[in-house]
Amino acid sequence: MQNPLKQIVKAQKEGKAVGIYSCCSANEYVIRAALLRGKQDNSCVLIESTANQCDQYGGYTGMKPADFKAFVESIAKEIGFDTNKLFLGGDHLGPLTFTSLNEDQAMKEADELIRCYVSAGFTKIHIDTSMRVADDDVNARLSDETIARRGARLAKVAEEAYAKLLETNPDAIEPVYIVGSEVPIPGGAQGAVDEGVQVTKPEDFKATLATFEKAFKDNGLDHAWSNVIGIVVQPGVEEKDSGCTEYDREKAVDLCAAIKDFDNIVFEGHSTDYQTKIKLREMVEDGIAILKVGPGFTFMMRQALFALADIENELLKDKASHFKDVLDAAMLKDTKYWSKHYIGTEEEVALKRKYSFSDRCRYYMPVPEVKQAMQTMIQNLRTNGIPLNLLTQYMPIQYTRVREGLLENDPEALIVDRICDSIDEYLYATHQSELF
């Protein structure tokens with residue numbers, strides 16, 4: 001069955017400023033918010049898991065791709081979201097988490113990673129073989145030919161996995177592919193200084209695409225190539241500790257003009273977090289039709305959690321969960337997810353652990369003691385209630401919606417609604433309700 005995501009390309013080539021945002025998160029509140037707003041907006045929802053979140057060993061979430069799919073679909077069922085409008089993607093699938101191995105072993109692991117995603121029914125696959133493995137020359141740029149050769153190998157595995165899937169599920173939708181990976185470093189830039197972002201040169205984009213096409217067709221993957229709908233480029237955006245590098249369409253004008261020469265390809269933009277809704281809209285208008293976002297959503301969740309923690313502290317004083325303190329203690333106990341990203345004095349780093357736009361604290365939400373403190377806080381607020389005078393102090397937008405009868409004055413409903421504020425900006429930009 002043809003993948004409905006091809007409608008993105010069709011709409012763009014018809015001159016319509018229509019795209020889709022990709023929710024790159026394994027957080028339950030974020031996923032719930034995306035599905036809830038999708039239902040309310042009568043639009044599709046694209047949720048993606050990255051190679052380090054979910055892999056054949058469980059990733060840092062403890063979920064394999066099939067587990068992640070079941071997790072998302074269970075939330076969709078609870079909300080009443082039409083799963084025919086739900087699309088699951090795999091992001092940066094390749095040897096990303098196996099770079100300490102030599103090519104032979106790293107690519108075998110990447111083969112299995114791709115196989116697990118496609119076999120589980122994921123229908124948007126970002127093939128990313130741009131990273132060096134152990135036996136690559138550290139002093140030489142990884143050639144386009146090497147990247148494309150490894151990418152074609154993974155595409156072949158994906159096609160074989162889909163053929164196998166059809167044997168047990170004849171209605172399975174075939175995957176579409178995204179190639180290329182000229183994106184900011186994982187987790188965003190480090191430090192607070194904006195050193196500028198180099199926009200992909202049109203000639204580099206065209207050369208990369210041509211190299212991938214040749215590698216696919218040299219390996220008999222003509223059909224797979226027909227399902228490549230997008231290429232990742234750097235349009236000049238960056239998510240980082242201090243916020244973001246804003247999209248400047250004048251700097252990307254030549255790159256965006258170049259996509260018009262291709263009838264079956266759109267651009268995918270990564271790290272679009274914290275762009276204004278106007279900038280996001282400009283990106284979609286300019287052919288950057290797939291907008292990836294992750295920490296921007298969990299940052300909003302963290303805002304809501306901190307607001308609720310402040311309300312709880314006002315109400316219960318020493319009997320409160322002390323969620324903020326528990327979270328910071330967990331981050332100090334295990335620094336691996338933030339120490340390379342937060343630079344400055346002790347006081348500056350302490351502030352960043354809480355409030356940085358990079359939102360590295362998202363990695364600590366599943367830590368047992370953090371999760372327990374969060375649950376205690378939520379239960380305390382449900383038991384004692386959230387007074388409107390405190391709600392208007394700490395969550396004024398949600399206060400107004402509660403007063404208007406649009407939102408339940410419940411801590412988890414408030415968290416989800418705060419995330420939806422950011423999702424609404426993406427829906428403004430993409431108009432994705434027009435896709436299906």
Side-chain angles (χ1 to χ4, degrees), residues 1 3-5 7-8 18-49 53-54 61 63-90 120-124 169 171-173 290-291 293-294 296-298 300-301 304-305 308 365-366 371 374-375 378-379 381-382 386 395 397-398 400-436:
M1 295 181 65
N3 196 311
L5 290 173
Q7 292 295 319
I8 301 168
V18 175
I20 194 169
Y21 82 90
S22 173
C23 175
C24 300
S25 180
N27 182 275
E28 181 176 353
Y29 288 127
V30 171
I31 292 171
R32 186 176 295 276
L35 293 169
L36 179 63
R37 191 56 99 226
K39 179 182 178 181
Q40 294 167 340
D41 190 55
N42 194 30
S43 69
C44 56
V45 173
L46 171 61
I47 295 172
E48 298 203 44
S49 170
Q53 284 176 333
C54 301
T61 64
M63 289 185 283
K64 297 178 181 180
D67 300 325
F68 183 78
K69 183 185 181 187
F71 171 62
V72 174
E73 288 184 342
S74 68
I75 299 173
K77 182 178 180 181
E78 180 186 337
I79 289 173
F81 182 79
D82 181 1
T83 53
N84 289 319
K85 292 186 175 182
L86 171 62
F87 302 98
L88 295 179
F122 284 65
T123 56
K124 179 180 177 290
N169 183 5
D171 294 327
I173 295 172
I290 305 171
L291 306 175
V293 56
F297 289 163
T298 51
M300 301 297 273
M301 178 196 69
L305 288 171
L308 293 174
M365 296 301 170
K371 194 172 183 179
M374 187 190 308
Q375 291 171 345
I378 289 169
Q379 187 55 50
L381 291 173
R382 281 182 174 152
I386 300 175
M395 301 184 79
I397 296 173
Q398 281 61 46
T400 298
R401 292 179 185 143
V402 168
R403 288 291 309 276
E404 292 175 348
L406 301 174
L407 178 64
E408 182 184 2
N409 190 7
D410 172 81
E412 291 190 300
L414 296 169
I415 294 167
V416 169
D417 192 72
R418 188 71 184 105
I419 299 166
C420 286
D421 288 337
S422 185
I423 290 174
D424 286 343
E425 298 188 334
Y426 281 86
L427 293 175
Y428 168 86
T430 61
H431 288 178
Q432 62 197 58
S433 61
E434 298 177 22
L435 283 172
F436 311 110

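- Heavy atoms only, all atoms of each residue included: I79 and L36 are closest at CD1-N, 4.0 Å.
- Annotation: side chain of S43 is not in contact with side chain of F436 (no heavy-atom distance under 4.5 Å).
- Taking CG of L291 as the reference point, atom CD of E425 lies at 12.0 Å (rounded to 0.5 Å).
- The backbone N or O of K64 lies less than 3.5 Å from a partner atom in the side chain of D67, making a donor-acceptor pair.
- Listed for the N409 side chain is a donor-acceptor partner under 3.5 Å among the backbone atoms of I386.
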Mind running side chain to side chain contact (heavy atoms under 4.5 Å, CB included) on F68 and F122 for me, showing each step along the way? CA-CA 10 Å; F68 183 78; F122 284 65; 3.8 Å; yes

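- Residues A26 and F71 approach most closely at O-CE2, 3.7 Å, considering heavy atoms.
- Ion pairing between D421 and R401 holds under the 4.0 Å rule for side-chain N and carboxylate O.
- In the model, Y29 has a side-chain atom that pairs as donor or acceptor with a side-chain atom of E412 under 3.5 Å.
- In this structure the side chain of K85 never reaches within 4.5 angstrom of the side chain of K39, judged on heavy atoms.
- Here the side chains of L5 and I20 are in contact, with some heavy-atom distance below 4.5 Å.
- Of all heavy-atom pairs spanning P65 and C54, the tightest one is N-CB, 4.3 Å.
- Aromatic ring pairs are classed by plane angle as parallel below 30°, tilted from 30° to 60° and perpendicular above 60°; the pair F297 and Y426 is perpendicular.
- In this structure, a donor-acceptor pair under 3.5 Å is absent between the side chains of Q53 and T61.
- Here the CG-OG1 distance, from L305 to T298, works out to 10.5 Å after rounding to the nearest 0.5 Å.
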Test side chain to side chain contact (heavy atoms under 4.5 Å, CB included) on I31 and I47; report intermediate values, then the result. CA-CA 8 Å; I31 292 171; I47 295 172; 3.8 Å; yes

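- K69 places a side-chain N or O within 3.5 Å of a backbone atom of A120 that can act as its donor or acceptor partner.
- The minimum heavy-atom distance between T430 and Y21, with the atom names listed, is CG2-N, 3.7 Å.
- A salt bridge links R32 to E28: one of the charged nitrogens lies within less than 4.0 Å of a carboxylate oxygen.
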Walk me through whether Q379 and Q375 qualify under side chain to side chain contact (heavy atoms under 4.5 Å, CB included). CA-CA 6 Å; Q379 187 55 50; Q375 291 171 345; over 6 Å; no

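- Here the NZ atom belonging to K371 is positioned 12.5 Å from the CE atom belonging to M365, to the nearest 0.5 angstrom.
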Evaluation steps, side chain to side chain contact (heavy atoms under 4.5 Å, CB included), between C23 and V30: CA-CA 8 Å; C23 175; V30 171; 3.5 Å; yes

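- Classification of the H431-Y428 ring pair by plane angle, with boundaries at 30° and 60°, yields perpendicular.
- Between M395 and L308 the shortest side-chain heavy-atom distance falls below 4.5 Å.
- Across all their heavy atoms, C44 and F87 have their closest contact at CB-CE1, 3.8 Å.
- At least one donor-acceptor pair closer than 3.5 Å links the side chain of S25 to the backbone N or O of N27.
- Here R37 pairs with D424 under the salt bridge (charged side-chain N to carboxylate O under 4.0 Å, His left out) rule; sequence neighbours left out.
- Between S433 and N42 the shortest side-chain heavy-atom distance does not fall below 4.5 Å.
- Contact of the I423 side chain with the D41 side chain is not registered, since no non-hydrogen atoms from C-beta on lie closer than 4.5 Å.
- Judged by distance alone, the side chain of Q432 and the main-chain N or O of V45 form no donor-acceptor pair under 3.5 Å.
- Using a 4.5 Å heavy-atom cutoff, the side chains of L407 and L414 are in contact.
- Using modelled atom types, one finds no donor on one side chain facing an acceptor on the other under 3.5 Å when comparing N3 with K124.
- At a threshold of 4.5 Å between non-hydrogen side-chain atoms, the residues L88 and T123 do not count as touching.
- Between the side chain of S422 and the main chain of I419, no donor-acceptor pair closer than 3.5 Å is present.
- The heavy-atom pair separating R418 from A304 by the smallest distance is CB-CB, 3.9 Å.
- Within a 6.0 Å sphere centred on CZ of R382, heavy atoms belonging to other residues, nucleotides or ligands number more than 12.
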